[in-house]
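Single-structure report; data block below.
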Amino acid sequence: MHSCALYEISQSLLCIPHHTYFSCSSVGDSMPLEPHDNDFDGNFDENWGYEEPLFSKIEILIFSIATLTLGIFSTFIFHFFNEEIIKVIYPLAYNEKLWFLILFKSSLCLLTFVVIWLVHYRLYHYSYESLSSYLGFNKPNWNFLLLWTIIFISLHSFQWANHTRAIHIRLSEDILTYGLWATLISTVIVAPICEEILIRGFLWRATLDAFQSERIALILSSAVFAFTHYNFDPTAVIFYFISSFIFVSARTAGGTLAFAIFLHFLHNFALMLETLVIMSK
């Protein structure tokens, strides 16, 4: 049998997205063209022609449901299991609580690395686009970053320690439960990096490619982000849903996912400072 036909059959059996970029020469050789790191502006039609999405709609929905389940489950675990039931039935020592936090954040980091590896694998075999381009690390628009940094600082300055919200209460409980440095690292460093790569880096782009709709990509990624930050506060869902629009625009209008990570970091860091000021009173 012709090697080109054998290759196509093997790909269908593996259930891996099949792209149009492989050549069958007259001598019967058939292998995917090697990906390269040439400049890519996001327009497949003008650069390489049509390319099928790396991830199917079903895969995207499964990932979204799994992420929502993980976020909501962790909310119940941290609120009820760790704060309500355990402290009555079996009070955890400080080290046990800290290891519980480390285990959860480690699972989030592991999920992020797995997603990055999966994207890299499929890009390497079935696409010309680079990993950094797919995840959104492109040419930055520094004017965007300057503008939104000023806006973020101004918004937090207006509410600086004047209003105690549910997020401040939760952060104060985390600081008392896990310690300042553990809470700072998990909230200000780990969360912005992992969440932005998973939500705005992977989910937004995969949804955009699969559904061919910026609106669906924006709504789905924002909904997943919002409901994973539920924390038994319905207003938090609305807040994070709207804030997700800003983080998506950081990737698109700002030109790079790094700006979304930085703005996410800036927001969480400001919340930590506000919480410390409130606790000091």
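Since this is a predicted model, take the numbers as computed values, not measurements.
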Legend entry - Sidechain-backbone polar pair: S56 side chain, E59 backbone, donor-acceptor under 3.5 Å: yes
Inset, instruction - Please check if L257 and I246 belong to a single hydrophobic cluster, counting links between Ile, Leu, Val, Met, Phe, Trp and Tyr side chain heavy atoms closer than 4.5 Å. - result: yes
Inset, instruction - If you link ILVMFWY side chains whenever their heavy atoms are less than 4.5 Å apart, which other residues fall into the same cluster as W204? By chain and number, please. - result: L208, L218, F241, F245, V248
Legend entry - Pair W117 and Y121, ring centroids less than 6.0 Å apart: yes
Inset, instruction - Might you work through the side-chain contact (heavy atoms from CB on, under 4.5 Å) test for I261 and F137, ending with a clear yes or no? - result: CA-CA 11 Å; I261 295 174; F137 293 96; 4.3 Å; yes
Inset, instruction - Answer yes if F247 and I153 sit in the same cluster of Ile, Leu, Val, Met, Phe, Trp and Tyr residues linked by side chain heavy atoms under 4.5 Å apart, and no otherwise. - result: yes
Inset, instruction - Sort and list the pairs that fulfil salt bridge (Lys or Arg N to Asp or Glu O under 4.0 Å) and have at least one residue in residues 178-197, not counting sequence neighbours. - result: E196-R200
Legend entry - Residue pair L271 / L171, side-chain heavy-atom distance below 4.5 Å: yes
Inset, instruction - Anything under 30° is parallel, anything over 60° is perpendicular, the rest tilted; go ahead and classify H264 against F225. - result: perpendicular
Inset, instruction - Establish, yes or no, whether a centroid distance under 6.0 Å links the rings of H267 and F239. - result: yes
Inset, instruction - Give the minimum heavy-atom separation between T228 and V224, together with the two atoms involved. - result: OG1-O, 2.9 Å
Inset, instruction - Would you give the length of the straight line joining atom CG of L70 to atom CG of L198, rounded to the nearest 0.5 angstrom? - result: 9.5 Å
Legend entry - Proximity of F63 and F202 rings by center, below 6.0 Å: yes
Inset, instruction - Treating Ile, Leu, Val, Met, Phe, Trp and Tyr as nodes and any side-chain heavy-atom pair under 4.5 angstrom as an edge, say whether L101 and L110 lie in one connected cluster. - result: no
Legend entry - T207 side chain near S221 side chain, heavy-atom distance below 4.5 Å: no
Inset, instruction - Not counting sequence neighbours, which residues clear salt bridge (Lys or Arg N to Asp or Glu O under 4.0 Å) with R251? List them please. - result: none
Inset, instruction - Could you tell me the separation between the CZ atom of F269 and the CD1 atom of I189, rounded to the nearest 0.5 Å? - result: 10.0 Å
Legend entry - Closest non-hydrogen atom pair between A206 and I60, with its separation: O-CD1, 3.1 Å
Inset, instruction - Could I get the full list of side-chain contact (heavy atoms from CB on, under 4.5 Å) partners for I175, not counting sequence neighbours? - result: L180, T183, M272, T275, L276, M279
Inset, instruction - Would you indicate whether the side-chain heavy atoms of S172 and I278 approach each other to under 4.5 Å? - result: no
Inset, instruction - First locate atom CG of L135, then atom OG1 of T256, and finally report the distance between them rounded to the nearest 0.5 Å. - result: 10.5 Å
Inset, instruction - Evaluate whether atom CZ of F152 has more than 12 neighbouring non-hydrogen atoms of other residues, nucleotides or ligands under 6.0 angstrom away. - result: yes
Inset, instruction - Enter the distance from L123:CG to S132:OG here, rounded to the nearest 0.5 Å. - result: 9.5 Å
Legend entry - Shortest non-hydrogen contact from K57 toward A210: CE-O, 3.3 Å
Legend entry - Spatial distance of atom CD1 (I102) from atom SG (C109) [nearest 0.5 Å]: 11.0 Å
Legend entry - Within 6.0 angstrom of F211 CZ, more than 12 heavy atoms from elsewhere: yes
Inset, instruction - Determine whether I116 and V119 fall in the same hydrophobic cluster, where Ile, Leu, Val, Met, Phe, Trp and Tyr are linked whenever their side-chain heavy atoms lie under 4.5 Å apart. - result: yes
Inset, instruction - Check step by step if side-chain contact (heavy atoms from CB on, under 4.5 Å) holds for F55 and L118. - result: CA-CA 10 Å; F55 298 90; L118 182 59; 3.6 Å; yes
Inset, instruction - Each residue besides L61 in its hydrophobic cluster should be listed here, by chain and number; the cluster joins Ile, Leu, Val, Met, Phe, Trp and Tyr at side-chain heavy-atom distances under 4.5 Å. - result: none
Inset, instruction - Look up atom CG in N268 and atom CG in L263, then write down how far apart they are to the nearest 0.5 Å. - result: 11.0 Å
Inset, instruction - Salt-bridge test for E129 and R122: reply yes if a basic N is under 4.0 Å from a carboxylate O, no otherwise. - result: no
Legend entry - Side-chain touch S133/N138, heavy atoms, less than 4.5 angstrom: yes
Legend entry - Minimum side-chain heavy-atom gap L54-Y134 below 4.5 Å: yes
Inset, instruction - Over all heavy atoms of both residues, which pair between A253 and N141 is shortest? Give the atoms and the distance, please. - result: O-ND2, 3.3 Å
Which side-chain N or O atoms in residues 142-150 pair as donor and acceptor under 3.5 Å with protein atoms at least two apart or in another chain?
residue : atom : partner : partner atom : Å
T149    : OG1  : L145    : O            : 2.6

Inset, instruction - Determine whether I185 and F104 fall in the same hydrophobic cluster, where Ile, Leu, Val, Met, Phe, Trp and Tyr are linked whenever their side-chain heavy atoms lie under 4.5 Å apart. - result: no
